[in-house]
Amino acid sequence: MDPDLYAYPDTDRPWLRTNFVSTVDGAAHDDSGVTASLGGDADHEVFQLLRRLADVVMVGAGTARIEKYRTSSTPLALVSRRLDIPDELVGPDLIVITMTDAPADRIASLRAAGVDVMAHGEIEIDWTAVLAELDARGWRHVLCEGGPTLHGDLVTLDLVDEVCLTIAPTMTSGDAPRIAHSRHPVTRGMTLAHAVPVGDVLLTRWVRDRS
Ligand SMILES: NC(=O)c1ccc[n+]([C@@H]2O[C@H](COP(=O)([O-])OP(=O)(O)OC[C@H]3O[C@@H](n4cnc5c(N)ncnc54)[C@H](OP(=O)(O)O)[C@@H]3O)[C@@H](O)[C@H]2O)c1
């Protein structure tokens, strides 16, 4: 995999990249509810490369719980309203993005455990303020690894600058979500930056068309 294919553009603001894998029929997880069986080695390689290129990895609490996330060398920012954070993640290596109306006792106990809680907005997260804080920390290469609920919110707000999408050579029936869903559907134009087949897996990168 050529890392240059995934170089972040030089911008004067945070660039929000998302990374997903989906089946041919558009499912965001397999029939057991996780993504591990999709994409194979090629997707895994891109997943790791994108983490290395990122200043911060952002993920919804649902994905963190289901996919059993752990902190790593790239800062991990978990997005949550209820603040039901897996014990294994709670500690000084974790950032939590939430709103000021989130349960105060949980904010306090997370902070007491050394978690870096970023609370912006009241009823909903104020993403403009979140991105401004990431920018202030020098984190312009932002990688969001989902899941579909968080992605849907970010697409609705037109904050997603690019989508890295692996199409896995799999069909799955059932009611798995697509990679973005929201109660406020929108349509956003994207341009194709690349589509690279690796065996039967297709690695694609799509950039938001803001022209
Ligand atoms: N195909 C892929 O590449 C891919 C990637 C990621 C996940 N997935 C799959 O997606 C499934 C999980 O889907 P999901 O939609 O539940 O994942 P999700 O977006 O990671 O999790 C939803 C939860 O994240 C928090 N959240 C999301 N957006 C928020 C916002 N704007 N403000 C505050 N909190 C927010 C909330 O957490 P609280 O409940 O804590 O308030 C919400 O309940 C799993 O099956 C996983 O395997 C697939």
Side-chain angles (χ1 to χ4, degrees), residues 16-40 42-48 50-51 57-69 76-87 89-90 94-103 105-107 109-110 115 117-131 142-160 162-172 174-184 186 201-206:
L16 180 52
R17 159 182 286 170
T18 66
N19 183 32
F20 282 89
V21 60
S22 92
T23 65
V24 171
D25 54 318
H29 60 64
D30 64 16
D31 56 1
S32 57
V34 290
T35 57
S37 70
L38 307 176
D43 181 57
H44 185 70
E45 200 180 319
V46 170
F47 185 89
Q48 296 298 341
L50 297 190
R51 281 197 166 186
V57 173
M58 194 163 77
V59 69
T63 297
R65 290 188 287 258
I66 291 167
E67 300 277 353
K68 305 200 183 320
Y69 265 58
L76 178 67
L78 197 146
V79 180
S80 177
R81 176 187 304 274
R82 295 184 296 122
L83 301 182
D84 174 16
I85 312 291
D87 290 344
L89 286 173
V90 173
L94 184 69
I95 301 153
V96 167
I97 297 173
T98 191
M99 58 285 283
T100 54
D101 281 356
D105 55 336
R106 294 194 182 172
I107 292 181
S109 69
L110 288 170
V115 174
V117 180
M118 290 172 49
H120 290 294
E122 293 178 12
I123 299 169
E124 301 291 340
I125 291 174
D126 178 345
W127 286 102
T128 303
V130 169
L131 291 172
V142 183
L143 172 64
C144 174
E145 294 180 345
T149 302
L150 175 58
H151 200 206
D153 288 349
L154 296 172
V155 170
T156 298
L157 294 167
D158 203 7
L159 293 173
V160 174
E162 74 168 76
V163 179
C164 296
L165 174 65
T166 298
I167 314 278
T170 316
M171 296 280 279
T172 181
D175 57 1
R178 296 174 297 113
I179 64 168
H181 66 77
S182 167
R183 282 172 294 149
H184 310 286
V186 294
V201 171
L202 185 61
L203 305 175
T204 70
R205 176 169 173 249
W206 302 84

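Atoms within a ligand are numbered from 1 in the order they appear, just like the ligands themselves.
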Please compare [options] and report which has the shortest non-hydrogen distance to [atom].
atom	options	answer
atom 33 (C) of ligand 1	Ile66, Ile125, Thr23, Ile97	Ile125
atom 36 (C) of ligand 1	Thr18, Val79, Ile85, Asp84	Val79
atom 10 (O) of ligand 1	Gly147, Ser182, Ala28, Pro148	Pro148

Practice item. Using a strict cut-off of 4.0 Å, indicate which atoms of ligand 1 neighbour a heavy atom of His29. Key: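 Close to His29: 45 (O).
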Exercise for review: Pull out every atom of ligand 1 sitting under 4.0 Å from any heavy atom of Thr63, numbered as shown with elements.
Suggested key: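 Those qualifying, in numeric order: 6 (C), 7 (C), 12 (C), 17 (O), 18 (P), 20 (O), 21 (O).
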I'd like to know if [X] contacts ligand 1, where contact means a heavy-atom distance under 4.0 Å to any ligand atom.
X	answer
Arg65	yes
Ile179	no
Val34	yes
Gly33	yes

Point to revise | Note, Leu89 side chain near Leu76 side chain (heavy atom, < 4.5 Å) | key: yes
Check your understanding: Is there a side-chain contact between Arg17 and Leu143 (heavy atoms, below 4.5 Å)?
Key ->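 The answer is yes, as the side chains (C-beta and beyond) meet within the 4.5 Å cut-off.
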Looking at [atom], what's its closest protein heavy atom, distance included?
atom	result
atom 15 (O) of ligand 1	Thr149 OG1, 2.5 Å
atom 21 (O) of ligand 1	Gly62 N, 3.1 Å
atom 38 (P) of ligand 1	Ser80 OG, 3.5 Å

Check your understanding: Are more than 12 heavy atoms from other residues, nucleotides or ligands located less than 6.0 Å from atom CD of Gln48?
Key -> yes
Review point. Do any N/O atoms on Val21 end up under 3.5 angstrom from N/O atoms on ligand 1?
Key: yes
Practice item. Taking atom 42 (C) of ligand 1 as the reference point, report whether a protein heavy atom occurs under 4.0 Å from it. Key: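 So far as the 4.0 Å threshold goes, atom 42 (C) of ligand 1 is out of reach of every protein heavy atom.
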Practice item. May I ask you to identify, for Glu145, whether its side chain, its backbone, both or neither come under 4.0 Å of ligand 1 on a heavy-atom basis? Key: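 Backbone only.
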